[in-house]
Amino acid sequence: MPPEPVLSLAFAIVAGLVLGGSVAAVSCRNRVHAGLFLAVALVGLALVFLRMGAEFLGFIQILVYVGAVAVLIVFAILLTRGSDSAHERRSNAPGIGIGLAVLLWGVLAWGILHRSPGAIATPSPPPSMAVRDLGERLLREELLPLQTVGLLLTAALIGAALIALPEPGISPRPSGSHGSAGTETPPSSPT
Amino acid sequence: MNPAAAPRTFEVRPSPDAADPVHDGSLLEVSLGPQHPSTHGVFRMDVVLDGETVVKLKPVFGYLHRNHEKIAENTSYLGSMPYTDRLDYFCSLTSNWAYALTVERLAGLQVPERAEYLRVITAELTRLQNHAAVCGFLLQDMGALGTPLMYAFRERERILDLFESLTGARMMCNYMRFGGCRCDTPPGWLEQARSVVTGFGAFLDEFEALLSSNEILLGRTQGIGILPRELAINAGISGPMARASGVAYDIRKVDRYGIYDQFEFRVPLGDHGDVFDRYMIRALEMRESLRILGAALQRIPAGPVIDPKAKLRGFRPKPGESYGRIESPKGELGFYLISDGGPNPWRYRIRPPSFINLTILEDLCLGRSVADAVVILGSVDIVLGEVDR
Amino acid sequence: MDAPDQIFVLLKHAVVSWFPTPVQPWISAVLSIGAILAVYPMIFALTTVIERKALGRIQNRPGPNRVGPAGFLQFAADGIKSLTKEDIVPRAADSVVHFLAPLVVVVPPLLALAVLPVGRNMVALDLPETGLLFFLMVGTAVELGVFMAGWSSHNKYSLLGAMRAIAQLLSYELPLLLSTVSVVMLTGSLSLNAIIGHQSEVHAGVLLGWNVFTPWGAAGAVLFFIAALAEANRSPFDLPEAESEIVAGYFTEYSGFKFALFFLGEYLGLFAVSGLGITLFLGGWLPPLTVLSWVPSWLWFFGKLAVLMGIFIWLRGTLPRLRMDQLMRFAWQFLLPMSLINLLVAALWQYSTPWPHLLRWLPAAILFGIPYLLYHRAFLRQHPPRTYRYAS
Amino acid sequence: MLGGGILHGLAVTAKNFVGSFTDPERLVTLGYPEERAPAKENARQFPFLVFDGADPQAGLRCVACQICEKECPPQCILIVKSKTKKPDHLGKPQFFPATFDIDLSVCMSCQICVEVCPFDAIKMDQEFELATNDRFEGLLRHRDQLARPNAHFQKLHPTDAAAIDARRAEELAKAAAAATAAAAAPRKPAPESPPAA
């Protein structure tokens, strides 16, 4: 284990990464930049997990959130062609957002400080949670929630697929410019 | 402020017309070419894409326009012959033949039998190398990294070697003359040609083993770029493209120009008119060409190769007009000439098969993806020298 | 422990022991990182030359043969050229993201290579709990780099390439992951060393128990390497950079050394994912037969890597590329169901340990054979054999 | 079976890979600057002017008739006729080109100048490595650069050269005979080179 100063320096860097990334993600006007900063913040979060020794959670964090969620977010921005809007207006009521954030922070802080007053002062050793234990826990005690979540996600997936399906009756293909033999309609151009 | 001194800045301008789907961002306008790795020559396709689906395609050409027809009207009849090499620079010998045929009709010249045989031999060799190269380029467009193309070029080199030793040049042959051919075969040429033809059959077997049953190739080409029979007829499509759509139209059979009536060959026809059929029709035509070549190389008679009455200098055909056409590897290549009795043609007009086959490109590509558009263009088989003239 | 097998390990220990104890872990890390940074780019350089020469031979031409003996210094010439070329950044490009993208593409494969055991006791970063997971995690970061490159260039081809790349990488991640899961199921560990250890059991006296010698392992290896080719953007799945369609895809607007970095990243990714495949299915650094165990273990690993590269080059020289929708369909309609079936087969294999050997293979043959026949029929229905008629 | 076509293709490429090492028919590439394809007698690149004897000035066959200049399709030849005359190989006084320029950047190697020349004065060279820094002057060949001895022609196109030399020798002999007999011999049309095969 590296010495303590190195660790706290690492924590400072990681914390800076998370905070800087999050702030930039919400304040960036360019949506793609915001998405990339979100990815930075998520990587920072994963590093926090790693620093606490939760390797599995850290890796899963990157695998799922950076590899899938963040990529999907920027991909969606790309597909909807909103990435060029550099002249985006700022939110009308930034106060609401800031207020919500402060409120959330307050609740979390209250919860942490109030529920386990000793936890901050004397950090207890992290529970050793091997991957195998995690898996057994998920598939034994928490099986019902897991399956429910799976069902929910499947329903969401089917819904998304239904939305994405082309509507029947609308053909994107305009007719060819050469009238083929026997067509009575004149070749028309959709423009 | 002095505009010259102002710093040049680049900005992504807001769309001029928000209602236009290209500019409001829901569609993507991409210019494929003229500097694009898969356009055949300096050809441009203005493609409007919805995602990757082509919703509009405009072929843009003219980058290689050389004013050939007007130059020909100001050059002697003979002087246009080397320019016809540069029309379809893959198949200079068939272009030569079409022009020579037209002028011979205009001037009423006879072609000696040996010259007719030489014309058939060179034209069929040209067809072989053109079709092989086209199939190679098609696969190149499909991303096969040049392997089939290199195999095709290996055989093409052998044929070009033949051309070089016969005509003096590999591509710009300038071999046909009005009333025959420019020179006779050098010693040993016919034997060499026979061995090339034999080797080409083995190459075709190998080429088809490499490709014709490849699942990826089938998936990429079958059902893609379907050209219906009626459209092919209405749009004046000719050559392998028309035959792949089931149009039994081969000028070698229709006109029986030259001595094609003395050879036994079949005209393969496709039923689907898609890219795969165009590829297969070319492969099958190569086999038929090999049959013609085998017979021609065996039966070629001795004799002069040029009509002794034909004049090289001071060639002035009687006033009149003529249209000559041949089955070039790409389709019906026609020349239309009007003579006013002078040393230059009064009117000189070409019917280039590539150009006319290209006109239906949009119909083939609409609703398909960019990748298909590239493959379809490859299957049309164009040479920009002929399209732009 | 014989000397040639452990030569690099002993060397490293010797070097590390010269330093005082407090800095020894750091020195050890630096040495390992240095080795990875030196070895894999060197293999990359050699691979590019060999690939070009082999492709040339496949295409009946000699390939590069001018620089150095038989052209083997071509990579140096290419490297110097790309270093000295002008680095062009389009004016409309997002310059910061444009600059960062090649780095995001190159660094993750290097990280992934750190957890690969290349020989007995030769792994830079041993993660006993989560080695495989680390590898897969790192692989996902490449997608972001590809996206950054494609988006920041402000070029339509780049954008199309990036869209293709992300769609492809996301789709093929799933079969890749699922085909590794079967190995994890059977081994019961995410540690790459444990997975290799699990394959070292001796079968039939001489043959080592590589996973590929089991039905689920063989099928898993095929599925894994198909998905790996797609993940590494190799032909026939090189659509994101399909030069005949979208010029060079997401790195169209890159030149000079940044272009070379993309190239490097792509090959490092290929090495990494092939190395993973070797570890999971082909016994890692284990020899195939017990009598061959005198050959140094790292030689086995790199030999297997070389064979795989050869196969990939061969495929690249032969196959045309798929179309985007076919690529997606292949991932979702073929690879994914097949890898799910493979999980079932792996489970059956696990629970049928006491059965006779033939009986254990039978369910696998049925489970793979029936879908294969169905796919075959579906393909034939879609692409029936054609005959051609002749005009009279 | 599904995948069989791909395996077929792989077998073909493997065969070619091995064949490129073992079969010279497959590896047809030549290492160009060191290895060269055998020269073909008919091959043509750019024109040159033939001269007889040792002096390119006196032996030049060209009589500045300007037919090639007229017939050249891309008009790349410029001839200026001399004011004075010099004797040709038969001793007849003829004009000669004071200037004979060919712009090789325009020339398209069609060989029409060679075909139309009644004096066998212009022939096709086989030199093709003409890279130059100056695309105007560097590719503009003047009379003295274009002049090549008959031996050069004999080396490039032995069949043609032999026929032409024989004819010219015959003409010379006839002219000599005619001179002695003090009677004019009409020029015979040039016989074509004998057909091979």
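Residue numbers begin at 1 in each chain, while the letters A, B, ... track the order of the sequences.
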Which atoms of C:Ile58 come close to chain D, meaning under 4.5 Å heavy atom to heavy atom: side chain ones, backbone ones, both, or neither?
both
Quick one: of C:Leu55, C:Leu315, C:Asn65, C:Thr318, who has the most non-hydrogen atom pairs under 4.5 Å with chain D?
C:Thr318
Looking only at side-chain N and O atoms, does D:Ser105 offer a donor or acceptor that is under 3.5 Å from a partner on D:Asp103?
yes
What part of C:Leu373 gets within 4.5 angstrom of chain D, counting heavy atoms only: side chain, backbone, both, or neither?
side chain
Is the NE2 atom of D:His8 crowded by more than 12 outside heavy atoms at less than 6.0 Å?
no
Counting heavy-atom pairs under 4.5 Å to chain C, which of D:Leu10, D:Thr29, D:Asp23 comes out on top?
D:Leu10
For C:Phe379, is it the side chain, the backbone, both or neither that has a heavy atom under 4.5 Å from a heavy atom of chain D?
side chain
Validation row, ring centre D:Phe100 to ring centre D:Phe96 under 6.0 Å:
no
Before you tell me yes or no, could you show the steps for D:Gln75 and D:Glu69 under side chain to side chain contact (heavy atoms under 4.5 Å, CB included), namely the whole-Å CA-CA distance, both residues' side-chain angles and the distance that decides it to 0.1 Å?
CA-CA 7 Å; D:Gln75 305 280 298; D:Glu69 189 185 18; over 6 Å; no
For C:Leu280 and C:Thr180 the tightest heavy-atom approach is CD1-CG2, 3.3 Å
Taking D:Thr13, D:Ile6, D:Val28 one by one, which has the highest count of heavy-atom pairs under 4.5 Å against chain C?
D:Thr13
